[in-house]
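One structure is given below, encoded as structure tokens.
Numbered from 1 within each chain, the chains take letters A, B, ... in sequence-line order. What you see is a predicted model; the values in this text were computed from it and never measured.
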Number of protein chains: 2
Amino acid sequence: MEINQIIDTIYPLTTKAKNLLTESIIETKFPKGHILFRANKIETNIYFIKKGIARAYAFSDDNQITFWFGKEGDPIVSMQSHVNNQKGYEDVELLEDCELYELKTEKLQKLFLEDIQIANWGRKFSELELIKSEERLISLQFNTATQRYLALLKNYPSIIQRVQLSHIASYLGITQVSLSRIRANIK
Amino acid sequence: MEINQIIDTIYPLTTKAKNLLTESIIETKFPKGHILFRANKIETNIYFIKKGIARAYAFSDDNQITFWFGKEGDPIVSMQSHVNNQKGYEDVELLEDCELYELKTEKLQKLFLEDIQIANWGRKFSELELIKSEERLISLQFNTATQRYLALLKNYPSIIQRVQLSHIASYLGITQVSLSRIRANIK
DNA sequence: TCTCGTTTTTATCATTTGTTAAATGGTTTC
DNA sequence: GAAACCATTTAACAAATGATAAAAACGAGA
């Protein structure tokens, strides 16, 4: 997905403000398996996915738990770094060869203070992420694992082809064995 | 908690911007049990809690599930109304007699477009809420019910005195019976 | 095609949580 | 103080999920 479309979908900007923003964005590529963000590190960039898919995970005892997937058009942000300039708790791994748009956090923070349109674009960005996060929270709290799996399939059918089931299981808050049972029962 | 402190904790404003914001805020009171927000309704106000405690819940089949508690200093917002001007899915009930600060969504949206400081205050507001939501999500996905209960007690010890256990149980994503068992095992 | 390594499924048993119902405890009202 | 009401706990059984191990399916290279 092209950066212009990504920006406009969040909050439409005038040409001037959009130029200010796009001037600060560069394109970059990383191979499948690349670790884009590291836990316990302050990340200095945010990204948007032009092409590819990624996951964020953290460790609980010894095992990785995936709590986020990103696909074309989605932002990749360590919120702790972006908001509080603090260390994040997550790794972000690219699950396919990826083309990304890169934007320095510091540069964006500066634009927030200089341009009211970009400040409102940043506000809208967080508002939209917040709504996504709330929906995810409620899905986890309200629905059974089976319901959550079916909802994921419905919202994002191709994820089954693109992401291995062990990651999907931990995203759903269950073990891989449990997801396998659920899949067997659905057929 | 006083409105000045609430505003400043989110993002410090110059006197001029703060006056613009506080001019639009009025104080109001409601008794315990009052339903402040209704599901399937576009809410036109946002609130901050000066004194008291509230919960948001939605229905899953026939039973209410509490997914949020607010106490002194916390905002009460229907994000669907605030961000998308759409109907929300939640009721908000006051669990004690409450003193609230009230702000019209429409007025705030206007200020966002007029004052860059207030736009950045609004951005910070959503960013902070987003971090809270992410933390909650990860707690739900990573931890057992017992761990979540202990964490809640640690973060907010007096909640046990202020909120009945059936609400806390559904907030933790378990039944009241299950919470009762957990409490019995901890002692 | 064969082999090796990885992913996914299946099986078994233990643990946790859900469901329903009854018992206990506390509070309010008359 | 008794009755009525509500919140909380306990009990008993059912269902879902976790843990561990083994089998099966799949894919990438030689």
*Send over the distance from Gln64(A) CD to dT7(C) C1', rounded to a whole Å.*
15 Å
*Members of residues 148-179 of chain B that approach DNA chain C, where some heavy atom sits under 4.0 Å away*: Gly173(B), Ile174(B), Thr175(B), Val177(B), Ser178(B)
_At 10 degrees resolution, what angle do the end axes of the helix from dT1(C)-dA30(D) to dC30(C)-dG1(D) form when each is taken over five base pairs?_
40°
*With Tyr57(B) as reference, evaluate Asp91(B), Thr66(B), Asn63(B) under the side-chain hydrogen bond (donor to acceptor under 3.5 Å, both in side chains) test and give the passing residue.*
Asp91(B)
_Whole angstroms only, please: what is the CZ-P distance between Phe142(A) and dG18(C)?_
14 Å
_Lys71(B) and Ile49(B): CA distance, side-chain angles, deciding distance, side chain to side chain contact (heavy atoms under 4.5 Å, CB included) verdict_ = CA-CA 6 Å; Lys71(B) 58 180 188 303; Ile49(B) 302 176; 5.6 Å; no
*Between Phe67(B) and Arg136(B), is there a cation-pi geometry (under 6.0 Å to ring centre, at most 45° from the normal)?*
no
_Check: Leu165(B) and Ile168(B) side chains under 4.5 Å, non-hydrogen atoms_ = yes
*Let me know which of Val92(B), Leu95(B), Leu94(B) forms a side-chain contact (heavy atoms from CB on, under 4.5 Å) with His34(B).*
Leu94(B)
*In whole angstrom, give the distance that lies between atom CG of Asn185(A) and atom P of dA15(D).*
13 Å
*Relative to each other, are the rings of Phe112(A) and His82(A) parallel, tilted or perpendicular (30° and 60° limits)?*
perpendicular
*Does dT8(D) have OP1 or OP2 sitting under 4.0 Å from an N or O in the side chain of Arg183(B)?*
no
*Give, ordered by number, those residues of residues 54-61 of chain B having at least one heavy-atom distance below 4.0 Å to an atom of DNA chain D; if nothing qualifies, reply none.*
none
*Could you tell me the separation between the CG atom of Leu140(A) and the P atom of dT17(C), rounded to a whole number of Å?*
14 Å
*Which of parallel (below 30°), tilted (30 to 60°) and perpendicular (above 60°) describes Phe69(A) and Tyr171(A)?*
tilted
*Protein-nucleotide distance (Ile65(A), atom CD1; dG18(D), atom P), rounded to Å*: 10 Å
*asked:* Let's go through Lys132(A) and Glu129(A) carefully: what are the C-alpha distance in whole Å and the side-chain angles of both, what is the deciding distance for salt bridge (Lys or Arg N to Asp or Glu O under 4.0 Å) to 0.1 Å, and is it a yes or a no?
replied: CA-CA 5 Å; Lys132(A) 281 190 228 166; Glu129(A) 290 299 306; 2.9 Å; yes
*Main-chain N/O of Arg38(A) paired to Glu43(A) side chain as donor or acceptor, under 3.5 Å*: yes
*Are the side chain of Lys124(A) and the backbone N or O of Val83(B) linked by a donor-acceptor pair below 3.5 Å?*
yes
*Whole angstrom is fine here: how far is it from CD1 in Ile182(B) over to P in dT10(D)?*
13 Å
*salt bridge (Lys or Arg N to Asp or Glu O under 4.0 Å) with Lys50(A): which of Glu27(A), Glu72(A), Glu102(A), Glu96(A)?*
Glu27(A)
*Report the distance from atom NZ of Lys32(B) to atom C1' of dT28(C), rounded to the nearest whole Å.*
13 Å
_Euclidean distance, atom CG of residue Asn143(B) to atom C1' of dT17(C) [Å, nearest integer]_ = 17 Å
*Identify whether any heavy atom of Arg181(B) sits under 4.0 Å from a base atom; if not, whether one sits that close to sugar-phosphate; answer base, sugar-phosphate or nothing.*
base
